[in-house]
Asks: 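Pasting a structure here, questions to come.
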Amino acid sequence: MKQPKTASSWDAFIPIIVLVSLLGAAVYLYGDSSSSGPNQIALLFATFTAALIGLKNGFTWKTLEEAMIKGITISLGAILILLMVGALIGTWLLSGTVPTLIYYGLQIINPSWFYAASCLICGIVAMSIGSSWTTAATIGVALLGVANGLGLDPVVTAGAVISGAYFGDKLSPLSETTNLAPAVAGSDLFDHIQHMLWTTVPSFVIALIIFIVMGFNADVASDASKIDAISTILQDNFNINIFMLVPLAILLGLAIKKMPAFPAISIGAVVGAVWALLFQGDLIASQIDASQGELVGQFKLIWATFFDGFSVQTGDAKMDDLLSGGGMSSMLTTTWLIMTALMFGAIMEKTGLLEVFVRSILRIAKSTGSLIASTIATCFGTNLVAADQYIAIVVPGRMFKEEYKKRGLQSVNLSRTLEDGGTITSPLIPWNTCGAYMQSVLLINPLDYAVYAFFNLINPLLAIVYGYLGVKVLKLKPREQD
């Protein structure tokens with residue numbers, strides 16, 4: 001069988017040029033709704049372009065099709081989680097769990113400290129459960145509700161949520177990416193976490209300081225009467241009390257016990273539905289169609305909440321938007337985006353187009369600092385092109401592993417750099433699986449909140465500075481180089 005030709009630099013750049021041009025046009029023409037279809041079409045055309053180049057170089061269509069199917073298959077676990085998170089948000093709105101979090105948040109969080117507190121709370125929760133996704137979908141959604149109540153900027157709040165969620169996720173031994181990076185680089189998990197502290201903690205502290213300054217200088221439009229009005233709306237429409245937080249406590253407990261995300265979130269959604277039946281009887285009675293009987297009406301409402309979310313009419317349009325949403329159907333656009341993005345990434349990897357970039361980078365990365373900077377740039381570029389944080393860790397990890405060893409650098413340098421460049425930058429890209437997920441949960445475009453995701457912006461830059469200055473760049477001992 002004839003071997004396919006090695007891709008040229010032009011081969012590699014053509015699909016990227018097509019993708020960037022079409023994505024730019026999508027944002028220009030459709031604005032915030034670009035992820036609701038236009039970006040997916042851009043990714044499909046870029047995929048076809050990469051496939052045509054693969055055919056030119058000798059790949060068969062069957063090989064390319066198998067690569068695309070495999071790329072989609074890799075995402076199925078994330079898609080299942082995504083769909084169930086939609087169901088969880090719906091049942092937690094109906095059960096009063098999210099409204100209760102918003103209510104208590106309005107009572108106890110001072111506006112001046114709110115951004116920093118949001119960042120810190122999300123960081124603690126994500127470190128405890130090892131999941132930035134679950135943190136954003138639960139605590140993050142509630143904090144955005146509190147921000148609206150306090151008259152604070154929801155976009156800045158989203159940046160604080162993302163910063164905290166990814167800080168905690170990055171340092172948690174329960175996190176998938178925190179386990180994946182050392183596995184790819186060949187380092188020990190806890191050595192990896194310890195080595196990450198040097199870039200991660202200072203970056204997080206700087207981000208907290210910025211959020212504190214922004215909080216004290218924020219133009220807070222709310223007053224006590226507005227907070228009272230929102231609190232009254234919540235109490236009039238939901239049964240608000242501490243027991244409504246039990247579904248959250250159960251979910252966090254399951255995550256800490258290391259139950260896989262899909263069954264844990266599924267249980268959380270079911271508990272939310274049960275809690276709605278137990279504690280939100282008046283709300284359910286006002287929502288159901290009792291023409292077929294009360295029990296049938298309740299059953300239909302709960303069922304619909306799983307697939308189509310929850311909607312409430314409070315008499316206040318802004319509160320209606322805040323307290324309505326969720327359902328598996330709300331995640332279908334994101335699922336479409338993830339599938340098309342991973343098709344493109346799979347074709348780029350299979351045809352060797354991604355490898356072309358790395359070979360070019362290694363030719364110019366002469367110093368240790370430039371090697372670390374190049375690794376971070378490659379991880380970010382892979383996040384842009386392959387649209388998945390796992391690919392952005394695995395592919396550069398495989399490609400740079402021998403080069404780090406050849407230059408006498410310990411494997412923890414590579415594993416840390418993979419996280420500094422791959423894990424951290426993934427939610428900043430709208431068509432990346434993480435960016436698409438965060439937009440579907442927080443309802444804010446990653447291009448908007450990226451400016452305020454200070455931890456995610458500072459961490460890669462600080463890692464590059466460390467690389468050039470030689471700060472905490474560990475060398476192999478002579479016997480380790482053999």
Side-chain angles (χ1 to χ4, degrees), residues 85-111 114 117-118 120-122 124-125 128-129 134-152 154 157 161 164 222 224 226-255 264-265 267-287 301-302 305-306 309-316 318-327 441-443:
V85 164
L88 178 138
I89 291 173
T91 63
W92 281 22
L93 284 168
L94 179 61
S95 69
T97 300
V98 171
T100 297
L101 283 167
I102 294 171
Y103 178 84
Y104 287 132
L106 287 171
Q107 311 306 313
I108 65 176
I109 298 180
N110 187 298
F114 178 75
S118 298
L120 188 60
I121 290 167
C122 288
I124 293 170
V125 172
S128 301
I129 66 175
T134 303
T135 301
T138 53
I139 306 299
V141 169
L143 287 169
L144 279 169
V146 176
N148 284 320
L150 295 173
L152 293 165
T157 304
V161 167
S222 70
K226 182 178 179 182
I227 293 175
D228 289 341
I230 293 172
S231 299
T232 299
I233 290 174
L234 291 170
Q235 289 177 312
D236 287 346
N237 289 274
F238 298 90
N239 179 8
I240 302 289
N241 64 67
I242 196 71
F243 293 108
M244 299 306 101
L245 301 183
V246 169
L248 174 62
I250 290 173
L251 177 61
L252 295 181
L254 293 174
I265 293 170
I267 291 171
V270 171
V271 172
V274 172
W275 241 239
L277 289 170
L278 290 176
F279 295 101
Q280 303 297 339
D282 291 342
L283 174 63
I284 290 176
S286 69
Q287 294 271 327
L301 177 65
I302 295 296
T305 302
F306 275 90
F310 169 70
S311 179
V312 66
Q313 287 78 43
T314 65
D316 185 305
K318 289 184 178 180
M319 290 299 292
D320 291 348
D321 290 339
L322 176 63
L323 299 172
S324 303
V441 188
L442 302 177
L443 304 180

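The analysis underlying the following values was restricted to heavy atoms, covering all of them including side chains, and did not include hydrogens, waters or symmetry mates.
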Asks: Restricting to non-hydrogen atoms, name the atom on Trp275 and the atom on Ser95 that form the minimum distance, rounded to 0.1 Å.
Replies: CB-CB, 4.0 Å
Asks: At what distance, to the nearest 0.5 angstrom, does CG of Leu245 lie from OG1 of Thr100?
Replies: 6.0 Å
Asks: Taking the side chain as C-beta and beyond, is there a heavy-atom pair between Leu152 and Val146 under 4.5 Å?
Replies: no
Asks: Can you give me the closest heavy-atom contact between Pro99 and Trp92, atom names plus distance?
Replies: CD-O, 3.8 Å
Asks: Please round to the nearest 0.5 Å and tell me the distance separating atom CD1 of Ile89 and atom CG of Leu94.
Replies: 14.0 Å
Asks: Return the set of residues passing side-chain contact (heavy atoms from CB on, under 4.5 Å) with Thr314 (not counting sequence neighbours), or none when no residue passes.
Replies: Ile233, Asn237, Val312, Asp316, Met319, Asp320, Leu323
Asks: Say you draw a straight line from CG of Leu120 to CD1 of Ile124; how long is it, rounded to the nearest 0.5 Å?
Replies: 4.0 Å
Asks: After noting the C-alpha distance and the side-chain angles of Leu88 and Leu251, does the key distance pass the side chain to side chain contact (heavy atoms under 4.5 Å, CB included) rule?
Replies: CA-CA 10 Å; Leu88 178 138; Leu251 177 61; 4.0 Å; yes
Asks: Ignoring hydrogens, what is the shortest heavy-atom contact between Thr135 and Cys122? Give both atom names and the distance.
Replies: CG2-O, 3.6 Å
Asks: Measure the CG-OG1 distance between Leu301 and Thr305 for me, rounded to the nearest 0.5 Å.
Replies: 4.5 Å
Asks: Quick one: closest heavy-atom pair of Leu150 and Pro111, and the distance?
Replies: CD2-CG, 4.1 Å
Asks: Would you call Leu93 and Ser324 a side-chain contact if the rule is heavy atoms closer than 4.5 Å?
Replies: no
Asks: Check whether more than 12 heavy atoms from other residues, nucleotides or ligands sit under 6.0 Å from atom CG of Asp282, and answer yes or no.
Replies: no
Asks: Rounded to the nearest 0.5 Å, how far does OH of Tyr103 lie from CG of Leu234?
Replies: 8.5 Å
Asks: For Ala137, what residues pass the side-chain contact (heavy atoms from CB on, under 4.5 Å) criterion, not counting sequence neighbours?
Replies: Val85, Tyr437, Val441
Asks: Identify, with sequence neighbours excluded, every residue that meets side-chain hydrogen bond (donor to acceptor under 3.5 Å, both in side chains) alongside Ser118.
Replies: none
Asks: State which residues pass side-chain contact (heavy atoms from CB on, under 4.5 Å) with Leu277; sequence neighbours excluded, sorted by chain then number.
Replies: Ile284, Gln298, Ile302
Asks: How many angstroms lie between atom CG of Leu144 and atom CD1 of Ile139, to the nearest 0.5 angstrom?
Replies: 12.0 Å
Asks: Looking at Ala142 and Ile102, what are the two nearest heavy atoms and their distance?
Replies: O-CG1, 3.6 Å
Asks: Within the 4.5 Å heavy-atom criterion, are Leu283 and Phe310 side-chain neighbours or not?
Replies: yes
Asks: What pairs with Asn241 under side-chain contact (heavy atoms from CB on, under 4.5 Å), at least two apart in sequence or on another chain?
Replies: Asn239, Phe243, Met244
Asks: Testing the basics here: between Leu442 and Ala136, what is the closest heavy-atom pair and its distance to 0.1 Å?
Replies: CD2-O, 3.8 Å
Asks: With sequence neighbours left out, write down each residue that passes ring pair (Phe, Tyr, Trp, His ring centres under 6.0 Å) with Tyr104, or none if nothing qualifies.
Replies: none
